[in-house]
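Taking it in order: structure first as C-alpha cells, then the write-up.
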Amino acid sequence: MSELPGVAVIGPSGRMGQMLVAELARSDRLRLAGALVRPGHDWAGRDLGAALGGAESGLTVTDDPATALEGVAAVIDFTAPETTLEIAEHLDGRGAVHVIGTTGFDSEQLARLDSYGARGVQVRAGNMSLGVNLLVSLTRKVAEALDADWDVEVIEAHHNRKADAPSGTALMLGEAAAAGRGVALDEVADRGRDGMTGPRERGHIGFSAVRGGDIVGEHDVLFAGAGERIVLRHMATDRGIFARGALKAALWGLDREPGTYDMADVLGL
Ligand SMILES: NC(=O)C1=CN([C@@H]2O[C@H](COP(=O)(O)OP(=O)(O)OC[C@H]3O[C@@H](n4cnc5c(N)ncnc54)[C@H](OP(=O)(O)O)[C@@H]3O)[C@@H](O)[C@H]2O)C=CC1
Ligand SMILES: O=C(O)C1=N[C@H](C(=O)O)C[C@H](O)C1
C-alpha cells in the first residue's frame, strides 16, 4: 500500500499548531511528516508526542526548515507574517502545497506572498471554517441588496493573546461587504475611532475589535438602517474547525495547478 501524503506543521507548539497535530493524528488521508519550531526552541530535537505531554510519536521536532520540509506534499502554516514568508521562500520550486492560515499581513507582505503563489499552490484564508466562509457569501449578498443608507460595521472578538487587529476574518467580511457594494475596501474602511470623529460617513465600513480571555473567535456583520438592523453572526467555540478546514485545503491543493486559492475554492462556495 502506498504511503499517505506527508504534511509538515509549522509552529506545532502554538494554539493552532497543537490542533493541527491532533487532527493529523486522526486523519486517514494525510500523515504528519514534519514539525518545525523556531531556531533554538526547547522542543527542537525532542519527540513531538512527548513534547506535547503525550506518548512518543516517532517524529522528531526540528528547528531546521530543510529537515522539516524534506519530501512533504503539503505544509500547514498558522504562524506569523514574516515566518510565513520565510516558509514560502523555502517552498519555492519544491511543489508542496502551502496552506496559509496566518493573518496580519500588510499589503507589501501580501504582494510578496502572491509572487510565490504564481509558482506553487497556495491556499490562503483568514478563516478556514465552513461557517465563516458561508458568512462571507451571505455578507456579500446582503450588501448587494442594500444601499449605502445601511451602515455596515464588522465587530470581532478574540482571546487576549491575539497579535493582529482587525482579525483576518473581519477583513474578509469587510472585503465581501465592499465587493457587494462595488467599492474598494481600502477607500471606505474605518479601522478605529477615537476622539472627535464627527458623524459617520455614508458608505463607510467600520471595524471594531474586542480582546479578552479565551474567546476563540466571534464575528458580527451589522447592517444598521433607519428603524431596523440586520446582524449576521458567526461564533467559533473550538479551534478544531480551523484545523479541519486546513487539512481539507491541503488535500484539495494536491491536485491543483500553481496559483493562490482560498477556502471558497476549496469548499466550492
Ligand atoms: N485562518 C484561520 O482559520 C485561523 C488563523 N489563525 C491565525 O494563525 C496564526 C497563529 O495563531 P495562534 O495559533 O493562535 O498563535 P500562536 O502564537 O499560539 O502560535 C504561533 C506559532 O507559530 C510559531 N512560530 C512563529 N515563528 C516561527 C518560526 N520562525 N518558525 C517556527 N515556528 C514559528 C510560534 O512559536 P513560538 O511560540 O516559539 O513563537 C507558535 O508556536 C495567527 O496569525 C492567527 O490569526 C488562527 C486561527 C484560525
Ligand atoms: O487569532 C485567532 O485566534 C484567530 N484568527 C483568525 C482571524 O484573524 O480571523 C481566525 C479566527 O478568528 C481565530
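Remember, it's 1-based here, ligands and their atoms both numbered in the order they're listed. Along the sequence shown, the residues carry numbers beginning at 1. All values reported here derive from a predicted model rather than from experimental measurement.
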Requested in this report: Test Q122 against Y261 for side-chain hydrogen bond (donor to acceptor under 3.5 Å, both in side chains), laying out the working first.
Outcome: CA-CA 6 Å; Q122 254 182 37; Y261 302 94; over 6 Å; no
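- For atom 19 (O) of ligand 1, the candidate residues are G14, G17, A246; the nearest heavy-atom contact is made by G14.
- Of the residues H219, R211, K162, H234, the one that meets the side-chain hydrogen bond (donor to acceptor under 3.5 Å, both in side chains) test with E156 is R211.
- Within the 4.0 Å heavy-atom shell around ligand 2 one does not find E218.
- Protein heavy atom closest to atom 20 (C) of ligand 1, with residue, atom name and distance, is F78 O, 3.8 Å.
- Of all atoms in ligand 2, listed by their number and element, those nearer than 4.0 Å to a heavy atom of T103 are 7 (C), 8 (O).
- When the options A236, S167, G126 are ranked by their closest heavy atom to atom 10 (C) of ligand 2, first place goes to G126.
- Looking only at side-chain heavy atoms (C-beta outward), V266 and D262 stay at 4.5 Å or farther from each other.
- Nearest non-hydrogen protein atom to atom 1 (O) of ligand 2 is K162 NZ, 2.9 Å.
- Looking at every heavy atom in both residues, M128 comes nearest to F242 through CB-O, 3.6 Å.
- Scanning both residues, D47 and V61, for their nearest heavy atoms gives C-CG2, 4.4 Å.
- In H219, the part holding a heavy atom less than 4.0 Å from any atom of ligand 2 is the side chain.
- There is a side-chain donor-acceptor pair under 3.5 Å between D77 and T79.
- Among protein heavy atoms, the minimum distance from atom 28 (C) of ligand 1 is reached at T83 CG2, 3.4 Å.
- Residues S167 and H158 have side chains that never bring a donor and an acceptor to within less than 3.5 angstrom of each other.
- For the pair S13 and ligand 1, the shortest N or O to N or O distance falls below 3.5 Å.
- Within the 4.0 Å heavy-atom cutoff, L171 does not count among the residues contacting ligand 2.
- Of all heavy-atom pairs between L135 and R233, the closest is CD1-N, 4.0 Å.
- The heavy atom nearest to atom 45 (O) of ligand 1, considering only T169, I10, T103, is found in T103.
- Remark: ligand 1 atoms within the under-4.0 Å shell around heavy atoms of F242 are 3 (O), 47 (C), 48 (C).
- Each of H98, Q109, E89, R124 was scored for a side chain to side chain contact (heavy atoms under 4.5 Å, CB included) with T84, with one residue passing: H98.
- Contact annotation: the side chain of R38 never approaches that of W43 to less than 4.5 Å [non-hydrogen atoms, C-beta and beyond].
- For the pair F223/D151, no side-chain contact is recorded, criterion being any heavy-atom separation below 4.5 Å from C-beta on.
- A salt bridge links E23 to R26: at least one charged side-chain nitrogen sits closer than 4.0 Å to a carboxylate oxygen.
- In terms of N/O distances under 3.5 Å, ligand 2 is approached by G168.
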Query - Intermediate values then yes/no, side-chain hydrogen bond (donor to acceptor under 3.5 Å, both in side chains), H204 and D190 - result: CA-CA 7 Å; H204 274 208; D190 285 336; 2.9 Å; yes
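- The contact set between ligand 1 and H41, taken as ligand atoms under 4.0 Å from a residue heavy atom, comprises 38 (O).
- Taking every heavy atom of H158 and a limit of under 4.0 angstrom, the matching atoms of ligand 2 come to 2 (C), 3 (O), 4 (C), 11 (C), 12 (O), 13 (C).
- Ligand 2 has H159 within reach: a non-hydrogen atom of the residue lies less than 4.0 Å from it.
- Of all the heavy atoms of R161, none lies under 4.0 Å from any atom of ligand 1, so neither backbone nor side chain is involved.
- Polar contact check, R15 against ligand 1: a nitrogen or oxygen pair lies under 3.5 Å apart.
- The atoms of ligand 1 that sit less than 4.0 Å from any heavy atom of G11 are 22 (O), 23 (C), 32 (N), 41 (O).
- By the 3.5 Å distance cut-off applied to N or O atoms, G126 is counted among the residues near ligand 1.
- In terms of polar-atom proximity, defined here as any N/O pair under 3.5 Å, A80 makes no such contact with ligand 1.
- Closest approach of L171 and L185 over heavy atoms only: O-CD2, 4.1 Å.
- Listed here is the closest heavy atom pair of R191 and P166: NH2-CD, 3.2 Å.
- Applying the 4.0 Å criterion to heavy atoms of V216 picks out, from ligand 2, the atoms 3 (O), 13 (C).
- Scanning both residues, R94 and L69, for their nearest heavy atoms gives NH1-O, 4.0 Å.
- Closest to atom 9 (O) of ligand 2, if we only count protein heavy atoms, is T169 OG1, 2.5 Å.
- Contact annotation for T79 and ligand 1: heavy atoms of both the backbone and the side chain come within less than 4.0 Å of the ligand.
- With a 4.0 Å heavy-atom cut-off, ligand 1 is reached by no atom of D63.
- Near L36, meaning under 4.0 Å from any of its heavy atoms, are these atoms of ligand 1: 31 (C), 32 (N).
- The N/O atoms of M128, backbone and side chain alike, include one that comes under 3.5 Å of an N/O atom in ligand 1.
- Using a 4.0 Å heavy-atom cutoff, A125 is listed among the residues neighbouring ligand 1.
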Query raised in the report: Does the side chain to side chain contact (heavy atoms under 4.5 Å, CB included) test come out yes or no for M19 and R15, once each step is laid out?
Result: CA-CA 7 Å; M19 279 288 156; R15 277 174 291 274; over 6 Å; no
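- In this structure, atom 34 (C) of ligand 1 has its sub-4.0 angstrom surroundings free of protein heavy atoms.
- The proximity of R239 to ligand 1, defined as any non-hydrogen pair under 4.0 Å, does not occur for either the backbone or the side chain.
- With atom 32 (N) of ligand 1 as the reference point, the heavy atom nearest to it among E82, M16, R38, H159 is part of R38.
- The residues E144 and R181 are annotated as not salt-bridged, no charged nitrogen and carboxylate oxygen being separated by less than 4.0 angstrom.
- Per-residue contacts place G101 under 4.0 angstrom from the following atoms of ligand 1 (heavy atoms of the residue considered): 1 (N), 2 (C), 4 (C), 5 (C), 6 (N), 7 (C), 8 (O).
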